[in-house]
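Structure, as structure tokens:
Everything numeric in this text was worked out from a predicted model, so none of it was measured. Proteins get letters first, then strands, A, B, ... in listed order; numbering begins at 1 in each.
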Amino acid sequence: MQIASRFGQSVTLERQKAVLFEPERIVPVLVPVAVEGPWSYRVPEGMDVRPGSVVQVPVGPRKVIGAVWDGEPDTSIDPKRLRNIERVFDVPPISDDLRRFVEWVANWTLAAPGMVLRMVLRVRDALEPEAPVKGIAPAGEPPARMTLARTRVLEIIEDKPSGWTKAALADAAGVSTGVVDGLIEHGTLALVDLPRKPRPALDPDMPGPIFTPAQGEAAVELRAAARDGYSVTLIDGVTGSGKTEVYFEAVAEVLRKGRQVLVLLPEIALTSQFLDRFEARFGGRPAEWHSELSPKMRARTWRDVAFGEARVVVGARSALFLPYRDLGLIVVDEEHDSAFKQDDRVPYSARDMAVVRGHISGFPVILSSATPSVESRVNSETGRYRRVVLEERASGAEMPRLTAIDMRNDGPERGRWLAPKLVSAMTDALEDKAQSLLFLNRRGYAPLTLCRHCGHRFQCSNCSAWLVEHRFRGQLVCHHCGHHERRPDACPACGTADSLVACGPGVERIAEEVGDLFPDARRLVLSSDSFSSPERMRHELKLVEDGEVDIVIGTQLVAKGHNFPLMRLVGVVDADLGLANGDPRAAEKTFQLLAQVTGRAGRIGGGGLGFLQTYAPENPVLRALLSGDLDRFYQEEIAARRAAGLPPFGRLAAIIVSAPQRSEAEGYARALVRAAPRVQDRSIVVLGPADAPLALVRGRHRQRILVQAPRGFDLQAWLRAWLAAAPAAKGQLRVQVDVDPQSFM
DNA sequence: AGCACGCCGACT
DNA sequence: GTCGGCGTGCTC
């Protein structure tokens, strides 16, 4: 006789009897608590667990979800303190591979393993079977007293006897649900459990698109990789080269083997455009995983992934921690995107951890980007990754022609931000009924407001950053902490009325200028401020896609995830923005952003134009972009990184010191920098405190210190020891390790 | 006095 | 990560 469950955790009665006479069993359980390793729990009589079993255990007064872990339980603990496992959930145990992955990520990120496991088990609802939807089915004779309404209901259900919900049936018959209830009461109809609607079948053999010869070759390589075990392939192809359709061929190949596929996208790129393309290739939609999912959908998807019913998951970075039954491929699209990095709690890079997961489980990983990260480019050049290059747009259109506008000579008049050359090109585009995009990575109207009379500058009372004026809202907003106040009419310092001036442009101000220059053009601001909801955002993106807008003024939102087929002209209002901060990746990030945003021009039909307004046209990033030789940027950046020992030639960690006061955080950071061993032979170099990001998070100031170490040095071990030896720092230190884990495998 | 807040240690 | 205990400081 079997008791419980389909997952081999069943016990026969005979075995259960035997268990009664066995000595008590103590097992390690990883709990979602920030401690070094698993804790020990007793297994009650008759309960069968094994490594990976998902269990409920008590921690203090709480009940938490954890997983039985590997190895011997900690025996140093007083047996009297041991408590029982309360419950085993009827879901597949966490696989050996996923447990190893959790350990690996914990070790790499210096996070507690339980905190990493928490990312796997976060979906409490998924651990209980989903309650079936109640439906209506015929069950007996019609009642003696028939009415017109009852007849209609019975006619309809006779026509199609299954699959009705109460509301749908009543609606179809044009009656109220009370009529159906009445028929249930008479036994004519009955409530039954409806079978769950299955996931759409995905067909890997549907005819794909017609490939260019270059795409065809790339597809052959990817299919070959997909048939094999672990490898990493970088698809490096210009915007519009059809990378997605090419990696779909690898997805198809893995589907044919009956294994699961994960496609990771930056959150913002999870648009219906992508899902439509997927459906066109595979005849059905994939399972989705992102922050917008309802708890119910989240639970359903988690279970479908665990039971192997979801064949393809398209998701944001957290989809990496789902408990796949048989994962056979991960694709990381837009692999350079910083949205794959999680900064809080467990600080991980989903792109790098995808490679780790592939390595542990022995399946291929595909990275895709028009502007790959420097790390991935280096790894492909050293042969650690394979590289597939797509140099031409699939449509045959030429890449946009880029021109620098030197603002020192050709800039606009005072108080204006758009140079005459750019305005004239926009005029041409308007006349040709083509769309223009003005890109400025700065929300709001003006980044700084000051008093013309006394020089007072508006600062955030929490974090001392400048307050950004948002003129549409009539407010001054802190972009660090979200603090906002009404924009006053008089200066709060000297009391002078009408003395406040806005300094510098934001997208709202550019939109104002566009309104002055082109009063008849239909213009639209696209920034995270302009959408109250995701639906609103989709709606506005659609307007642009359909040509209902002539001029788009946008922040980095327009660089990512969404294609605008009618866009001909792109004007970068400030191409120098972002190049001059303390971030070691500033050049790379600016290069990627500008390449992506200018790549929006002329995707279909060609004839694209791009203008870069700059005060520093000799900057290497701009020179590479203007020459159209993107490789040039990589070669220069790689040489510079190699010389400086920065990733991927060395490793980087950020130590974040946080304190309630800014001065405190700074003082503490200085003390840490002094205390750190400054070893002249470069075994450790402390670069910081980095002057750049001084952010405020929930009332606490943060100061970032960058720590750099050459390849081969065990940065994790050093940091661990350092943190342990800094007791005064408790709660004030957080460490982010930001490096290329491939160097460890 | 009552309570809000922050710090700290325990949690198997 | 979460909770409870405890001290501080403030109060329609």
Side-chain angles (χ1 to χ4, degrees), chain A residues 23-45 47 49-89 94 99 102-103 105-107 109-127 291 295 318 321 342-348 461-463 481 483 656-665 667-668 696-702 723-736:
Chain A
E24 66 168 13
R25 219 176 130 210
I26 298 167
V27 293
V29 176
L30 199 56
V31 288
V33 173
V35 290
E36 285 282 299
W39 279 347
S40 305
Y41 285 85
R42 258 196 203 95
V43 183
E45 287 173 6
M47 180 186 279
V49 295
R50 57 162 126 170
S53 296
V54 179
V55 294
Q56 174 180 299
V57 292
V59 170
R62 300 180 295 144
K63 299 173 186 316
V64 299
I65 312 290
V68 177
W69 218 243
D70 307 87
E72 292 305 309
D74 176 10
T75 46
S76 67
I77 197 97
D78 179 359
K80 286 196 285 293
R81 286 171 64 197
L82 292 180
R83 300 171 76 179
N84 275 349
I85 294 177
E86 290 172 346
R87 194 174 160 196
V88 189
F89 290 97
I94 305 300
R99 295 202 305 281
V102 165
E103 296 261 8
V105 173
N107 187 46
T109 60
L110 299 166
M115 290 296 104
V116 181
L117 179 68
R118 195 169 160 268
M119 301 195 287
V120 177
L121 298 175
R122 211 161 25 183
V123 189
R124 181 62 181 76
D125 297 345
L127 303 178
S291 59
S318 57
F321 291 91
Q342 170 156 301
D343 294 331
D344 56 349
R345 301 184 195 93
V346 180
Y348 68 95
S461 49
N462 295 329
C463 41
C481 67
H483 164 82
I656 295 177
V657 181
S658 80
Q661 292 298 316
R662 176 184 176 150
S663 57
E664 235 182 298
Y668 206 72
L696 184 116
V697 177
R698 259 182 283 135
R700 296 185 73 82
H701 282 278
R702 304 197 305 170
L723 291 169
K730 229 174 172 183
Q732 309 228 318
L733 284 177
R734 255 200 10 248
V735 174
Q736 264 167 252

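The shortest side-chain heavy-atom distance between A:V57 and A:W39 does not fall under the 4.5 Å cut-off. By the 4.5 Å heavy-atom criterion applied to side chains, A:V27 and A:P73 are not counted as neighbours.
Legend: residues meeting side-chain hydrogen bond (donor to acceptor under 3.5 Å, both in side chains) with A:S76, ordered by chain and number and at least two apart, are A:D74. Judged as a side-chain hydrogen bond (donor to acceptor under 3.5 Å, both in side chains), and not counting sequence neighbours, the contacts of A:E86 are A:Q56, A:K63. Looking at residues two or more places apart in sequence or on another chain, you find a side-chain hydrogen bond (donor to acceptor under 3.5 Å, both in side chains) between A:R87 and A:E128.
Heavy-atom contacts of chain A under 4.0 Å fall on DNA chain C between two terminal nucleotides, which in 5' to 3' order are C:dG1 to C:dC3.
Between A:N84 atom CG and A:I26 atom CD1 the span is 10.0 Å, to the nearest 0.5 Å.
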Validation: residues 109-123 of chain A side-chain donor-acceptor distances under 3.5 Å, sequence neighbours left out:
{"residue": "A:T109", "atom": "OG1", "partner": "A:V105", "partner atom": "O", "Å": "2.8"}
{"residue": "A:T109", "atom": "OG1", "partner": "A:A111", "partner atom": "N", "Å": "3.4"}

Polar-atom pairs under 3.5 Å, protein N or O versus N or O of nucleotides 10-12 of chain B: list them with distances, or write none.
{"residue": "B:dC11", "atom": "OP2", "partner": "A:R81", "partner atom": "NH2", "Å": "3.3"}
{"residue": "B:dC11", "atom": "O3'", "partner": "A:G60", "partner atom": "N", "Å": "3.3"}
{"residue": "B:dT12", "atom": "OP1", "partner": "A:G60", "partner atom": "N", "Å": "3.3"}
{"residue": "B:dT12", "atom": "OP1", "partner": "A:R83", "partner atom": "NH1", "Å": "2.4"}
{"residue": "B:dT12", "atom": "O3'", "partner": "A:S40", "partner atom": "O", "Å": "2.8"}
{"residue": "B:dT12", "atom": "O3'", "partner": "A:R83", "partner atom": "N", "Å": "3.2"}
{"residue": "B:dT12", "atom": "O2", "partner": "A:S40", "partner atom": "N", "Å": "2.9"}

